[in-house]
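What you see is a predicted model, and the numbers here were worked out from it, not measured in a lab. In what follows, every chain begins at residue 1, and chains take the letters A, B, ... in the order their sequences are listed.
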2 protein chains.
Amino acid sequence: MDHSHIDQVRRFNRVVTARTGALSESYLGRGRPLGQARVLFEVGPDGSDIATLRESLGLDSGYASRLLKALEAEGLVTIRRDGGDKRRRLVTLTAKGSSERAAYDALSDRLAQSMLDVLAPTQRRRLVDAMAEVEALLNAGSVTIAAEREESSDALACIAAYFRELDQRFENGFDPGKGGYAGTPAAKNPAGAFLIARLHGRAIGCGALKALGPSTAEIKRMWVAPGARGLGVARRLLAALEDEARGLGMGRVVLDTNRSLVEAQTMYRKAGYREIARYNDNSYADFWFEKTLGSAA
Amino acid sequence: MDHSHIDQVRRFNRVVTARTGALSESYLGRGRPLGQARVLFEVGPDGSDIATLRESLGLDSGYASRLLKALEAEGLVTIRRDGGDKRRRLVTLTAKGSSERAAYDALSDRLAQSMLDVLAPTQRRRLVDAMAEVEALLNAGSVTIAAEREESSDALACIAAYFRELDQRFENGFDPGKGGYAGTPAAKNPAGAFLIARLHGRAIGCGALKALGPSTAEIKRMWVAPGARGLGVARRLLAALEDEARGLGMGRVVLDTNRSLVEAQTMYRKAGYREIARYNDNSYADFWFEKTLGSAA
DNA sequence: CAGGATATCTGACTAAAGTCAGATAAATGG
DNA sequence: CCATTTATCTGACTTTAGTCAGATATCCTG
């Protein structure tokens, strides 16, 4: 890889950590160790249970217990049994705790503010836009893709969102029941797969594989949530589906698409797909593609 | 200010600190406390004196002393007297120290690498570009502007760079001795000022103020280093010069500029300057501007 | 209902980070 | 040359962060 890229990233890391490190320091200004401040903040306005806190902050059980006890002694939180599972304990902020938390919140705001303050409106806009871009692309690195059951609630939600989008984008709308579209669900078709892309646990995309014959699989239901587009998730989903197909011994994948999904067609071509003749009777399809799979990626 | 901007900055801070926090953790992987690792890294390939280390890492003198002693005991650095000032001590890496430092360097590289790895080339480019933008704009906040002596070496270097640039950009070149350009140096003209813009100590821009009469000052030698453009430094320099003029009791500032400096003209107009008739015999000038100064900004 | 799993707490630690008040030696400024 | 300042070191601390091995109470499963 180009080393100038790495240098830029390192320069970025240096500058940004110097800036954001100021936040931890300003937190200390309230006379409370950082650990306690972080817990107080993480409890949040609606409270939380200890297990969730430990999970999200990565704390040892003993350590968490002591931090909370310190906050309780200061009168910032109250800890009580969970009504359902009596082993669990729920943490909620007292009035005093809420106002302390609000103070930390204000400090975070002030730091953010101070990054923008010195800039003119034009530069401010540019900074915010660039930050959004960095954030999105860094998050892209945390996107995981894994096979899941097609009947899971996340899978169904993805498919529903996908259908909804098709209905909006196709010239004459879209009805999953019509047009010879409905395929055999993967459950009834063992030689298939359903992949879900997740970002921090949230499902943000999906794609399905369905066997058409002994050596050909069809890719269907490729969808990426609008907020996660432009991050290469679709490209990765496609590659993962091809890997699945390869794993099932398939030598070729095909897919169809509608003329209104222009970005998809561009992506398919870039991924090595080439247009072929109609291979099914899906009345929503305008283009058909295929790709021959090599033995390895 | 728009709160959505603040929210974006805070989201950015969260995501980025989570990512860069990984660096500290990976540093711990070499079995040495972070404090020691940071000192070892900061010593750098060419060595450093203790005072500089303390300054840049913000360490207490006792703490620094102990950290260095630990590194010395491990055989990673040697500490010896400064030849000149014998109170000072110089720290240099041993061969072993250099290779340890290189290992930390490689860890930083690997972290940077890992941020890029998962992305496709297109997204990689976008991330690097956005990072460069964020870095530059955050640095813009650290730019300081202060009056300095016009004869200081940094001031002279700025002016030299400015003249060199004019020579390149003007259609027929530029010679500071010719064309009625040379003004009375500020030193001989008490009612004036010379401002330098600095980023982390480095001079990155300048601007001078020279009295033309009891209530009119001229702005000259406005220059910003090419690498620091687009950050609003010129705008801030201009505003600072106007403040200086105001402080000197001036009610009006004027300036001249060459037709090839298009961005400058745009900036002047945006800052409230309006074009006036020729007021001097500078043969390099094509446009003349003035601005009436209110009592407060 | 027995036996294991879970959620939390307690006590007993350790290491790291950092602070503070001198002590020492060299430099600097009148 | 004397008083100050500066650069560093030493010893004696404190606080924070974090770990680990039980102890306890509750829940879940067969």
- Item | N-O pairing of Arg202(B) and Asp154(B) below 4.0 Å | no

- Taking five pairs at each end of the helix from dC1(C)-dG30(D) to dG30(C)-dC1(D), what angle separates the two helix axes (nearest 10°)? 30°

- Under the side-chain contact (heavy atoms from CB on, under 4.5 Å) test, residues paired with Ser142(A) that sit two or more places apart: Leu199(A), His200(A), Arg19(B)

- Excluding sequence neighbours, so at least two apart, what forms salt bridge (charged side-chain N to carboxylate O under 4.0 Å, His left out) with Arg87(B)? Asp85(B)

- Test side-chain contact (heavy atoms from CB on, under 4.5 Å) applied to Leu34(B) - qualifying residues, sequence neighbours left out: Ser24(B), Tyr27(B), Leu28(B), Arg38(B)

- Task: Only counting residues at least two apart or in another chain, list the ones meeting side-chain contact (heavy atoms from CB on, under 4.5 Å) with Lys69(B).
- Result: none

- Query: Could you state the CD-P distance from Glu25(B) to dA17(D), rounded to the nearest angstrom?
  - Reply: 15 Å

- Query: How many Å lie between CG on Leu28(B) and P on dT19(D), as a whole number?
  - Reply: 11 Å

Quick one: which protein N/O atoms are closer than 3.5 Å to N/O atoms of nucleotides 24-30 of chain C? Pair and distance per line, please.
unit_1	atom_1	unit_2	atom_2	d
dA27(C)	OP1	Gly84(B)	O	3.3
dA27(C)	OP1	Lys86(B)	N	3.0

- Message: Tell me the interatomic distance from Leu90(B), atom CG, to dT8(D), atom C1', rounded to whole angstroms.
- Response: 13 Å

- Tell me, please, which residues at least two apart from Arg101(A) pass side chain to side chain donor-acceptor pair (under 3.5 Å). none

- Message: If you compare every side-chain N and O of Arg89(A) against the phosphate oxygens of dC9(C) (OP1, OP2), does one of them come in below 4.0 Å?
- Response: yes

Within the sub-3.5 Å range, which N or O atoms of nucleotides 11-13 of chain D have a protein N or O partner, and how far apart are they?
unit_1	atom_1	unit_2	atom_2	d
dG11(D)	N7	Arg66(B)	NH1	3.0
dG11(D)	O6	Arg66(B)	NH2	2.5

- note: Glu72(A), atom CD; dT8(C), atom P; distance rounded to Å ~ 14 Å

- Please report, rounded to the nearest Å, how far the C1' atom of dT8(D) is from the CG atom of Leu71(B). 16 Å

- Query: Just how far, in rounded Å, is P of dT10(D) from OH of Tyr63(B)?
  - Reply: 17 Å

- Residues Glu74(B) and Arg32(B) bridged, charged N to O under 4.0 Å: yes

- Task: Can you sort out the partners of Asp109(B) under side-chain contact (heavy atoms from CB on, under 4.5 Å), two or more places apart, ordered by chain and number?
- Result: His3(A), Ile6(A), Arg10(A)

- Task: Quickly work out the Arg80(A) CZ to dA7(C) P distance and round it to whole Å.
- Result: 18 Å

- Using whole Å, report how far CG of Leu67(B) lies from P of dT19(C). 12 Å

- Item | Donor-acceptor side-chain pairing of Thr78(A) and Thr92(A) below 3.5 angstrom | yes

- Have Asp49(A) and Thr52(A) got a donor and an acceptor in their side chains that come within less than 3.5 Å? yes

- Item | Exam field: side chain Thr94(A) to backbone Leu76(A), donor-acceptor pair closer than 3.5 Å | yes

- Item | ring-ring contact (aromatic ring centres under 6.0 Å, His included) pairs, two or more places apart, involving residues 6-26 of chain B | none

- Going by atom types alone, do Arg110(B) and Gln113(B) pair a side-chain donor with an acceptor below 3.5 Å? no

- Item | Arg88(B) side chain near dA7(D) phosphate (N/O to OP1/OP2, under 4.0 Å) | yes

- Task: Hey, could you give me each pair passing ring-ring contact (aromatic ring centres under 6.0 Å, His included) that has a residue in residues 50-102 of chain B? Not counting sequence neighbours.
- Result: none

- The correct set of residues in residues 33-59 of chain B placing a heavy atom under 4.0 Å from DNA chain D is Ile50(B), Ala51(B)

